Amino acid sequence: RKEVEQDPGPFNVPEGATVAFNCTYSNSASQSFFWYRQDCRKEPKLLMSVYSSGNEDGRFTAQLNRASQYISLLIRDSKLSDSATYLCVVNRGTGGRRALTFGSGTRLQVQP
Amino acid sequence: DTGVSQNPRHKITKRGQNVTFRCDPISEHNRLYWYRQTLGQGPEFLTYFQNEAQLEKSRLLSDRFSAERPKGSFSTLEIQRTEQGDSAMYLCASSPTGGRTSRDTQYFGPGTRLTVL
């Protein structure tokens, strides 16, 4: 079983739609959580960190449920420019460990 | 451009050859990471440096792989006796010191795409 699991998609949605991505992680010692965005053949870029209380950045809302080891990302009013792969990322951050563990990514295609 | 830079951007080599990649982190970032990404997968951690000390290595880093960061600035990743299975995107990232927090944002370079024929 992978440490971080995501639905690979693709999610094909029309412009203006709301779309939600889910992610589960297996290591309960995970300390910090992120969503990264990766465009085709480009490097991953941080979209947002995910906090226990949930957090919002414009059209993007992230939620964390530590009890269920579940992370979500909601995108409202989808734009064509949101088309990308969204990577769920966790960091165990214990004992000096700094490595990020990535899910395989969920591909989003926003259509006109 | 003050982001993470990597060279070369593309490398094509024949099986059995040695290759070396370079990463220049963001200035003053003392943490540097190497990841490998294959098609359809997320990046997988290879190794991590804090300044010049290599503090963590993944089991993916076989004895054919070696990474260095001799002066705590740029880093090199060498692959000896390349195999076709080494074909991947090799990504470098850096982050600043953030005390004990693990929330340090990692900033990725554009990657080096390796093709082993």
Side-chain angles (χ1 to χ4, degrees), chain A residues 2-10 21 23-27 29-53 55 57 62 64 71 73 84-107, chain B residues 1 3-6 9-10 23 25-26 29-51 53-61 67 88-113 115:
Chain A
K2 288 188 176 179
E3 193 167 333
V4 179
E5 300 259 19
Q6 293 183 251
D7 181 340
F21 304 140
C23 164
T24 58
Y25 61 96
S26 60
N27 193 320
S30 297
Q31 296 288 312
S32 51
F33 310 89
F34 310 90
W35 284 99
Y36 273 71
R37 170 195 167 125
Q38 187 170 28
D39 293 296
C40 189
R41 301 182 79 82
K42 299 283 190 179
E43 72 273 22
K45 292 186 178 176
L46 178 69
L47 180 65
M48 57 197 304
S49 299
V50 187
Y51 303 116
S52 296
S53 53
N55 48 300
D57 183 1
L64 168 65
I71 307 163
L73 177 68
T85 296
Y86 290 83
L87 298 161
C88 178
V89 187
V90 305
N91 185 333
R92 272 183 256 174
T94 57
R97 296 199 59 169
R98 302 287 174 181
L100 298 178
T101 302
F102 287 78
S104 297
T106 298
R107 191 166 148 233
Chain B
D1 185 351
V4 177
S5 62
Q6 292 187 245
R9 296 290 306 277
H10 303 273
C23 170
I26 294 171
H29 280 192
N30 63 351
R31 293 183 180 143
L32 186 148
Y33 314 78
W34 285 98
Y35 293 83
R36 180 176 73 181
Q37 186 174 24
T38 53
L39 197 62
Q41 300 299 315
E44 296 174 292
F45 169 73
L46 293 177
T47 191
Y48 151 61
F49 290 85
Q50 180 155 320
N51 299 312
Q54 189 173 19
L55 296 186
E56 190 179 353
K57 289 196 285 187
S58 160
R59 58 181 169 75
L60 292 176
L61 210 68
M89 174 76 87
Y90 290 84
L91 291 159
C92 176
S94 69
S95 69
T97 305
R100 292 183 178 273
T101 180
S102 64
R103 289 183 175 275
D104 305 339
T105 298
Q106 294 187 19
Y107 298 88
F108 283 81
T112 295
R113 185 170 296 280
T115 302

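Keep in mind that what you see is a predicted model, and the values were worked out from it rather than measured. Letters A, B, ... mirror the listed sequences (proteins, then strands); counts begin at 1.
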Report yes if the distance between the aromatic ring centroids of A:Phe33 and A:Tyr25 is under 6.0 Å, otherwise no. yes

Just wondering, are more than 12 heavy atoms of other shown residues or ligands nearer than 6.0 Å to CZ in A:Arg107? no

Per-residue contact mode, B:Glu44 against chain A (heavy atom under 4.5 angstrom): neither

For chain A, find which of B:Ser58, B:Gly40, B:Gly109 contributes the most heavy-atom pairs closer than 4.5 angstrom. B:Gly109

Should the pair A:Asp39-A:Arg41 be classified as a salt bridge under the 4.0 Å nitrogen-to-oxygen rule? no

Under 4.5 Å to a heavy atom of chain B? For A:Gln38 that would be side chain

Which region of A:Lys2, side chain (C-beta onward) or backbone (N, CA, C, O), has a non-hydrogen atom less than 4.5 Å from a non-hydrogen atom of chain B, or is it both or neither? side chain

Once you measure the plane-to-plane angle for B:Phe108 and A:Phe102, does it fall in the parallel (<30°), tilted (30-60°) or perpendicular (>60°) bin? perpendicular

